[in-house]
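Only one structure is covered here, and it is reproduced in the block below.
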Number of protein chains: 2
Amino acid sequence: QKHIYLKSADVCEWREPEELAALLDLELRENGEPQHQLLQRIRDVAKYSVKTNHPRFFNQLFAGVDYHALTGRFLTEALNTSQYTYEVAPVFVLMEGEVLSKLRSLVGWAEGDGIFCPGGTMSNMYAMNVARYRAFPEVKLKGMWSLPRLAVFTSQQSHYSVMKAAAFQGIGTENVFKVKMQGHLSLPLFTYQGAVPFFVHATSGTTVQGAFDPLEPIADICDRQGLWMHVDAAWGGSVLFSKEHKHLMRGVERADSVTWNPHKMMLTGLQCSAILLKDTTHLLKHCHSADAKYLFQQDKFYDTSLDTGDKSIQCGRKVDCLKLWLMWKAVGSKGLEERVDRAVAHTRYLVEEMKRREGFELIGKPLFVNVCFWFIPPSLRGKENSPDYNDRLSKVAPVIKERMMKQGTMMLGYQPQGGRVNFFRMIVISPQLSHQDMSFCLNEIERLGNDL
Amino acid sequence: QKHIYLKSADVCEWREPEELAALLDLELRENGEPQHQLLQRIRDVAKYSVKTNHPRFFNQLFAGVDYHALTGRFLTEALNTSQYTYEVAPVFVLMEGEVLSKLRSLVGWAEGDGIFCPGGTMSNMYAMNVARYRAFPEVKLKGMWSLPRLAVFTSQQSHYSVMKAAAFQGIGTENVFKVKMQGHLSLPLFTYQGAVPFFVHATSGTTVQGAFDPLEPIADICDRQGLWMHVDAAWGGSVLFSKEHKHLMRGVERADSVTWNPHKMMLTGLQCSAILLKDTTHLLKHCHSADAKYLFQQDKFYDTSLDTGDKSIQCGRKVDCLKLWLMWKAVGSKGLEERVDRAVAHTRYLVEEMKRREGFELIGKPLFVNVCFWFIPPSLRGKENSPDYNDRLSKVAPVIKERMMKQGTMMLGYQPQGGRVNFFRMIVISPQLSHQDMSFCLNEIERLGNDL
């Protein structure tokens with residue numbers, strides 16, 4: 001009932017780029033504009049933006065809104081400070097420490113280290129860099145030329161950020177080996193195609209299917225071979241709040257580092273991503289410090305270990321902890337657990353609804369909140385063996401997507417993957433979501449796709 | 001008059017870390033809290049946070065507040081989307097393009113490329129990475145082992161982010177050569193200590209002194225030797241708005257890339273940093289792309305060149321353009337020019353005030369808005385030749401700083417640099433600043449330091 005306005009409004013108001021640019025009158029000019037015109041511009045920006053907090057926005061790994069977190073974000077903006085020193089961010093330095101400590105305790109670590117980063121890719125990059133530094137501390141001073149060729153291992157469906165990290169950090173994408181996380185990794189890795197392994201990047205909650213790598217066997221291998229074990233739980237990490245679902249990440253406490261993005265399932269709003277480390281030897285600081293004298297003076301009148309800025313590869317760093325802290329204070333760990341459990345329950349409801357309808361073909365059995373499926377329009381049903389079936393099926397999702405966008409009724413994504421042609425991925429996390437919304441969504445897919 | 005409340009209130013309300021932690025009751029618990037308690041928490045967060053928009057906050061390279069930009073930040077938070085595709089951020093994809101184009105035109109480029117990054121260090125890292133990729137495109141695939149040892153050149157007083165970038169990207173800090181930007185660089189660089197130069201990192205607006213490297217001679221050298229010329233104008237870039245002061249960056253149009261942080265002098269609020277490139281061959285995308293199929297489908301119904309996400313090393317990326325765009329619409333380029341001119345005029349006023357007072361010893365002649373100076377307490381005046389002068393002087397700024405923080409009356413920073421012992425750095429940019437505030441500040445330094 002609280003969200004009647006949102007439900008009756010559209011998810012998006014599609015305009016072609018040229019038309020939208022003209023409507024917005026984006027040009028920046030010599031003179032300023034009067035207040036009434038600025039107010040109209042604000043209305044236009046809101047009108048033509050996608051309503052990502054609409055209950056029928058299923059398009060990304062974020063959705064919905066938490067009003068306490070939003071309050072925290074407004075307050076962050078109003079206070080406008082940078083997270084690097086206690087002197088300029090006393091509240092947030094302490095608060096970040098507390099939030100990170102609590103996240104680590106959910107991972108299963110009584111101590112450790114960590115920092116908030118601008119997004120999960122950056123958090124994953126931190127992990128790779130700290131792992132490289134632990135194995136070869138001379139890299140900071142001397143660069144890669146003093147090192148043997150390195151190898152990174154990751155699973156087939158890991159996020160593309162592992163490739164971006166390898167490219168950016170000078171390791172090279174061809175030194176990332178995509179393996180099946182069980183089996184293949186049990187080979188001796190020390191001389192993998194001539195390169196020295198140092199980093200295993202496992203995933204808890206893959207982007208498309210929401211799959212969880214088996215962490216225990218990966219930890220066994222990493223233990224045995226002295227490799228850094230990183231768990232990219234940017235998406236899946238929130239299961240750790242839930243007694244019912246945390247088994248999906250069994251063994252995570254054996255990892256060396258974990259990426260976790262509360263801005264995804266926990267609804268804090270972009271950006272809120274933590275890199276958590278088990279390390280207690282200040283690797284993060286040793287690896288990233290530059291000891292800038294103008295910022296981190298050692299003759300300050302307070303304990304300069306509170307100046308956390310040198311743990312970061314950034315200088316100025318946005319405050320990302322307040323929104324999460326305030327929301328957590330408001331609903332408690334219990335409230336966050338309920339949010340996870342409710343989302344998974346919603347997903348199961350959706351899956352059952354799909355099974356009851358003709359034309360919806362699920363891909364795999366969802367364990368988490370990603371529902372992957374094909375919609376088979378009537379003209380293709382029972383034609384699985386015809387030679388052009390896959391070709392025709394591949395064109396269905398893009399057309400339905402175009403129609404839903406242009407009519408603004410809902411948003412969900414699609415993609416091909418491996419040998420599978422375009423299929424839908426529906427992300428079910430918004431607390432504003434009802435059973436009616438899910439039924440509406442399935443009806444809408446039928447309405448938009450039945451003529452294809 | 002509008003800011004009477006702020007002026008009468010304190011800049012900060014200092015508490016020792018243990019005391020503050022107890023006051024804030026940071027612990028996150030199983031159960032949520034009632035609304036009245038949350039409201040009190042919000043008040044506490046605000047109360048104990050530094051008021052960076054207070055007119056007497058001179059401590060960092062940001063200060064003051066622009067209420068249009070703040071509105072843009074609130075709207076950004078409410079709309080909560082990610083900047084990667086036109087589909088999910090139609091307004092902001094177009095807006096980012098327009099803002100970047102306008103910033104480039106101030107640099108002097110009719111075309112080019114660019115992207116907003118989470119802070120100036122990240123922008124500088126982008127420049128180094130794209131430069132490396134232009135020189136050695138195989139690095140993306142093969143890593144640094146396929147490359148000769150590389151060398152980076154920068155000036156003595158450049159920001160520490162160049163060291164962080166070299167470490168993070170596998171180049172190594174010992175391959176960063178700090179040179180005087182004139183003279184030394186005219187040596188043949190191709191075999192600098194056995195390494196191959198590829199990147200020259202010049203600075204427009206150094207962090208401590210606000211100095212500007214001479215860009216024309218640097219461009220001559222880069223031209224002659226085929227080096228990538230990067231200008232870190234994170235701090236100084238805003239002079240490009242000003243007809244009176246843009247000469248400080250004469251020659252910037254000859255650079256290959258420019259970092260510019262409107263969140264500093266332009267008051268957009270953290271974070272707002274652009275990396276601007278002259279390149280028109282899509283280097284940024286080629287260098288960083290990972291072609292994730294779930295996000296950047298090529299069979300979309302709109303022009304997928306609008307999906308700018310693959311230019312970024314991030315996946316999800318916060319919307320950082322709206323606050324700048326809205327402020328620019330509100331005050332026009334002319335309003336932004338006035339802001340720069342007024343800040344420099346304020347700086348000159350402050351410098352004249354200092355010259356009139358005993359005990360204030362300026363370091364260099366400020367050309368920009370950084371004022372560096374020693375306060376010489378009465379006990380040290382005329383004692384420049386005594387053997388413990390420097391030792392005693394080095395202790396003055398930290399004590400005055402401690403006292404001002406504990407009394408909450410103002411905030412400015414200090415640091416040693418090269419052979420100089422601790423001196424103050426005062427940053428004069430807040431539009432809320434008055435002559436009275438500056439006089440207050442000097443009086444206050446005298447009051448707090450006269451007994452030293």
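Note on naming: letters A, B, ... go to the chains in the order of the sequence lines (proteins, then strands), and numbering restarts at 1 for each one.
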- Query: Looking at CG of A:Leu141 and CG of B:Asn175, how far apart are the two atoms once the value is rounded to the nearest 0.5 Å?
  - Reply: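 So the CG of A:Leu141 and the CG of B:Asn175 are separated by 8.5 Å.
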
- Query: How many angstroms lie between CG in B:Leu75 and CZ in A:Arg41, if you round to the nearest 0.5 Å?
  - Reply: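 Here the rounded value is 13.5 Å.
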
- Non-hydrogen atoms of chain B under 4.5 Å away: do they reach the side chain of A:Thr71, the backbone, both or neither?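 For A:Thr71, the side chain is the part near chain B, not the backbone.
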
- Message: Taking side chain as everything from C-beta outward and backbone as N, CA, C, O, which of these in A:Gln297 sits under 4.5 Å from a heavy atom of chain B? Side chain, backbone, both or neither.
- Response: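 Contact with chain B involves the side chain of A:Gln297 alone.
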
- Message: Whether A:Lys329 and B:Glu33 form a salt bridge (side-chain N of Lys/Arg under 4.0 Å from carboxylate O of Asp/Glu) is what I want to check.
- Response: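 Answer for the salt bridge query: yes.
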
I need the residue from [options] with the largest number of non-hydrogen atom pairs under 4.5 Å to chain B.
options	answer
A:Lys264, A:Gln169, A:Gln415	A:Gln169
A:Glu16, A:Gln60, A:Met411	A:Gln60
A:Pro398, A:Gly332, A:Gly72, A:Ser394	A:Gly332

- Task: Could you tell me how the ring of A:Trp14 sits relative to the ring of B:Tyr86: parallel (under 30°), tilted (30 to 60°) or perpendicular (over 60°)?
- Result: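 Ring orientation of A:Trp14 relative to B:Tyr86: perpendicular.
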
- Quick one: list whatever passes side-chain contact (heavy atoms from CB on, under 4.5 Å) with B:Ser161, sequence neighbours left out.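 side-chain contact (heavy atoms from CB on, under 4.5 Å) check on B:Ser161 returns B:Thr121, B:Asn124, B:His159, B:Asp232.
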
Where does [X] contact chain A at under 4.5 Å (heavy atoms): side chain, backbone, both or neither?
X	value
B:Tyr294	both
B:Val399	neither
B:Arg132	side chain

Can I get a per-line list of side-chain donor-acceptor pairs under 3.5 Å for residues 87-94 of chain B, giving both atom names and the distance, sequence neighbours left out?
residue: B:Glu87; atom: OE1; partner: B:Lys300; partner atom: NZ; Å: 3.3
residue: B:Glu87; atom: OE2; partner: A:Asn59; partner atom: ND2; Å: 3.0
residue: B:Glu87; atom: OE2; partner: A:Lys401; partner atom: NZ; Å: 2.4

